[in-house]
Every structure is written in C-alpha cells, then in structure tokens.
Amino acid sequence: MERISVAPDLFYVAIEKESGKMAGFLDGIATDEMVFRDEFFTDASLHNPKGRNIMLLGLDVLPEFRKIGLAREIVWNYCRREEKKERKRLVLTCNEKR
C-alpha cells in the first residue's frame, strides 16, 4: 500500500475485459541508482519520480491467466511506457519459488 501511495504511476495492471477481474500486474520504483538492493522492496521513500532507472519489484499473474503470454505483454507494454518517459534501464529481480 505504501508503494502505491508514492508511485502509483509505476504500476501496470491487466484487467480481463469480460469480468473486470485483475488478471496481473507489474510494479516498480524509480531511482537513479544502478544496482538493485533489497531495501527497494521495503522502503518506498527510495522512490525518485524523476529517476532514470526502474527497479521492477513484482510481476504477478493469476493462475488462470498464465501460459497465454499475458506476463510477456505486461512487461512489453510497461517497458514501452517507461521508454516514452525516457527511462534508461529496467531491472527485474526474481525470487526462487517458495
């Protein structure tokens, strides 16, 4: 919730047209830092709206919308949107499945 309040423009949400259900989303935090650090997950105050880099923090797709290319579309559209804002780098981190 804290991240949404400081960086709502860095969320990208896919909505299923028929039901209006959120199918997936991607979110991040802007910074001028070049290296990802764990604090980006927990400290929303690190968000710099004019930051040239985006640290991608979460890519989630509901199970019923997986394996149809939705995650790829979300990432592609997110990248194009941030490119128009003249962002220079997007960094995606992944955790092992638990």
Side-chain angles (χ1 to χ4, degrees):
M1 294 303 292
E2 183 183 5
R3 201 174 321 137
I4 291 171
S5 69
V6 298
D9 59 319
L10 291 178
F11 280 75
Y12 192 91
V13 180
I15 303 293
E16 200 266 327
K17 287 181 184 179
E18 291 180 20
S19 68
K21 184 177 186 178
M22 181 172 62
F25 73 92
L26 177 60
D27 72 294
I29 193 167
T31 181
D32 282 323
E33 295 184 37
M34 296 292 289
V35 177
F36 186 87
R37 53 185 172 124
D38 289 341
E39 291 82 10
F40 289 125
F41 283 114
T42 58
D43 188 353
S45 72
L46 295 173
H47 173 62
N48 172 2
K50 296 182 180 185
R52 304 295 291 224
N53 304 312
I54 303 293
M55 300 300 171
L56 298 172
L57 303 175
L59 173 59
D60 296 286
V61 175
L62 290 176
E64 62 264 34
F65 297 103
R66 292 180 186 160
K67 298 188 180 189
I68 59 171
L70 181 59
R72 179 180 52 242
E73 285 296 312
I74 291 172
V75 172
W76 191 88
N77 285 298
Y78 192 99
C79 290
R80 298 298 72 78
R81 183 186 74 182
E82 295 307 313
E83 183 178 53
K84 289 177 185 175
K85 295 179 188 177
E86 299 185 0
R87 307 285 191 188
K88 297 298 178 192
R89 184 176 191 199
L90 282 79
V91 178
L92 175 63
T93 61
C94 300
N95 292 327
E96 289 184 35
K97 190 173 183 176
R98 294 178 189 184

Would a 4.5 Å heavy-atom cut-off, applied to side chains only, mark [X] and [Y] as touching?
X: His47; Y: Leu10; value: yes
X: Tyr78; Y: Leu90; value: yes
X: Glu64; Y: Glu16; value: no
X: Leu56; Y: Glu82; value: no
X: Glu33; Y: Asn53; value: no
X: Leu46; Y: Met55; value: no

Identify the heavy atoms of [X] and [Y] that sit nearest to each other, and give their distance.
X: Val61; Y: Ala71; result: CG2-CB, 4.0 Å
X: Ala7; Y: Gly28; result: CB-O, 4.4 Å
X: Ile74; Y: Gly24; result: CD1-C, 3.9 Å
X: Glu2; Y: Thr42; result: OE1-O, 4.2 Å

Can you tell me how far [atom2] of [Y] sits from [atom1] of [X], rounded to the nearest 0.5 angstrom?
X: Ile68; Y: Glu73; atom1: CD1; atom2: CD; result: 10.0 Å
X: Phe36; Y: Thr31; atom1: CZ; atom2: OG1; result: 10.5 Å
X: Leu26; Y: Arg81; atom1: CG; atom2: CZ; result: 8.0 Å

Verify, without hydrogens or angle tests, whether [X] (side chain) and [Y] (backbone) share a donor-acceptor contact under 3.5 angstrom.
X: Asp27; Y: Leu57; value: no
X: Arg3; Y: Ile29; value: no
X: Arg89; Y: Asp32; value: no

### Side-chain cluster (under 4.5 Å, hydrophobic types only) that Val13 belongs to, other residues
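Once heavy-atom contacts under 4.5 Å are chained together, Val13 belongs with Met1, Ile4, Phe11, Ile15, Met22, Phe25.
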### Task
Treat each ILVMFWY residue as a node, draw an edge where side-chain heavy atoms are under 4.5 Å apart, and state whether Trp76 and Val91 are in one component.
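Looking at the clustering, Val91 is in a separate group from Trp76.
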### Message
Please determine whether the number of non-hydrogen atoms from other residues, nucleotides or ligands lying under 6.0 Å from atom CZ of Arg72 exceeds 12.
### Response
no
